[in-house]
Amino acid sequence: QKGAYENRNLRFGVREHGMGAICNGIALHNSGLIPYCATFLVFADYMRAAIRLSALSQAGVIYVMTHDSIGLGEDGPTHQPVETLASLRAIPNLTVIRPADGNETSGAYKVAVESRKAPTLMAFSRQGLPNLDGSSIDAVAKGAYVLSDSEGTPDLILIGTGSEVKLCVEAAEQLRANGTKVRVVSMPSW
């Protein structure tokens, strides 16, 4: 990093697999460093083998992924992950977290930093998302939690992850206005 020579940042270039593999090495060296790397979520396919080895090796690497949906797609379909999240969630010992807002983002980082024996992958939106009433830093560690609830037993439960949680909240408001009892669940991690 220009002007800061403490070797805190490595410039990997456009090398997703190499970046993940190097982060695995840093994690497994047991120096106390917590490695993280970042790229667009759709490019996780290029580093899938390194991510999978993080999980198999119990390497506490933090993967920071952006552009997590088709909600903001100025780069077109080549940069819009569709099946990517589902395929990453299938990797044993990999915690995949898709935060809905700033509070959940803080919670995701907390989970990731505390997880030293397993990798964490955080999938972030590029959309401008508001902090949601009822969102929680600590509840992210549960995987899912009730964001807003109805009086009594709900008629309907809306479950969302990431940027879609806001849509669930908006839908719940419309349904509640029509007398439907709705619970909204945020599920940042399956």
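Between Ser57 and Leu28 there is a side-chain heavy-atom pair separated by less than 4.5 Å. Here the side chains of Thr105 and Phe124 are in contact, with some heavy-atom distance below 4.5 Å. Side-chain contact between Ser136 and Lys142: absent, with no pair of heavy atoms (C-beta onward) separated by less than 4.5 Å. Using a 4.5 Å heavy-atom threshold, the side chains of Met122 and Val96 count as separate. With a 4.5 Å cut-off on side-chain heavy atoms, Cys37 and Met47 count as touching. No side-chain heavy atom of Val182 sits less than 4.5 Å from a side-chain heavy atom of Ser150. Annotation: side chain of Leu41 is in contact with side chain of Leu121 (closest heavy-atom distance under 4.5 Å). In this structure, the side chains of Cys23 and Tyr36 stay at 4.5 Å or more apart for every pair of heavy atoms.
Listed here is the closest heavy atom pair of Gly134 and Tyr145: O-CE1, 3.6 Å. Across every non-hydrogen atom of Gly60 and Ala27, the tightest pair is N-CB, 4.1 Å. The two residues Ala108 and Val140 have their closest heavy-atom pair at N-CG1, 3.8 Å. Between Lys117 and Asn93, the closest heavy-atom pair is O-ND2, 3.8 Å.
Summarising the geometry, atom CZ belonging to Arg126 is positioned 13.0 Å from atom OG belonging to Ser163; distances are rounded to the nearest 0.5 Å. Considering CG of Leu132 and OG of Ser148, their distance stands at 9.0 Å, rounded to 0.5 Å. Note that OG1 of Thr95 and CH2 of Trp190 are 14.5 Å apart. Values are rounded to the nearest 0.5 Å. Interatomic distance, Ser125 OG to Asp101 CG, rounded to the nearest 0.5 Å: 11.5 Å. Expressed to the nearest 0.5 Å, how far NE2 of His67 lies from OG1 of Thr84 amounts to 13.5 Å. The OG atom of Ser54 lies 3.0 Å from the CG atom of Asn24; values are rounded to the nearest 0.5 Å.
Heavy atoms of other residues, nucleotides or ligands lying less than 6.0 angstrom from CZ of Arg52 number 12 at most.
Counting only residues at least two apart or on different chains, the salt bridge (Lys or Arg N to Asp or Glu O under 4.0 Å) pairs with a member in residues 167-180 are Lys166-Glu170.
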Before you tell me yes or no, could you show the steps for Val146 and Val184 under side-chain contact (heavy atoms from CB on, under 4.5 Å), namely the whole-Å CA-CA distance, both residues' side-chain angles and the distance that decides it to 0.1 Å? CA-CA 6 Å; Val146 175; Val184 177; over 6 Å; no

Quick one: do Thr66 and Phe43 satisfy side-chain contact (heavy atoms from CB on, under 4.5 Å)? Show the steps, please. CA-CA 10 Å; Thr66 63; Phe43 300 134; over 6 Å; no

Please determine whether side-chain contact (heavy atoms from CB on, under 4.5 Å) holds for the pair Thr120 and Tyr63, giving the CA-CA distance in whole Å, both sets of side-chain angles, and the decisive distance to 0.1 Å. CA-CA 6 Å; Thr120 303; Tyr63 294 95; over 6 Å; no

Verdict with supporting geometry, Lys181 and Thr153, side-chain contact (heavy atoms from CB on, under 4.5 Å): CA-CA 7 Å; Lys181 295 179 181 178; Thr153 304; over 6 Å; no

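If you chain together hydrophobic residues whose side chains sit under 4.5 Å apart, Val169 and Met187 never meet in one group. Leu33 is connected to Met19 through a chain of hydrophobic side-chain contacts under 4.5 Å among Ile, Leu, Val, Met, Phe, Trp and Tyr, so both are in one cluster. Criterion: ILVMFWY side-chain heavy atoms under 4.5 Å apart, direct or through other members. Under it, Val61 and Leu85 are part of a common hydrophobic cluster. One hydrophobic cluster holds both Leu94 and Ile26 under the rule that ILVMFWY side chains link at heavy-atom gaps under 4.5 Å.
A search for salt bridge (charged side-chain N to carboxylate O under 4.0 Å, His left out) contacts involving Arg48 returns Asp45, not counting sequence neighbours.
A side-chain contact (heavy atoms from CB on, under 4.5 Å) with Val185 holds for exactly one of Leu158, Thr161, Ile159, Val165; it is Ile159.
Side-chain contact, Tyr46 with Thr39: no donor N or O sits under 3.5 Å from an acceptor N or O. Inspection of the Ser135 and Glu104 side chains reveals no N or O donor paired with an N or O acceptor under 3.5 Å.
Through direct or indirect side-chain contacts shorter than 4.5 Å among Ile, Leu, Val, Met, Phe, Trp and Tyr, Val14 is connected to no other residue.
Under a 4.0 Å N-O distance rule, the pair Arg183/Asp149 qualifies as a salt bridge.
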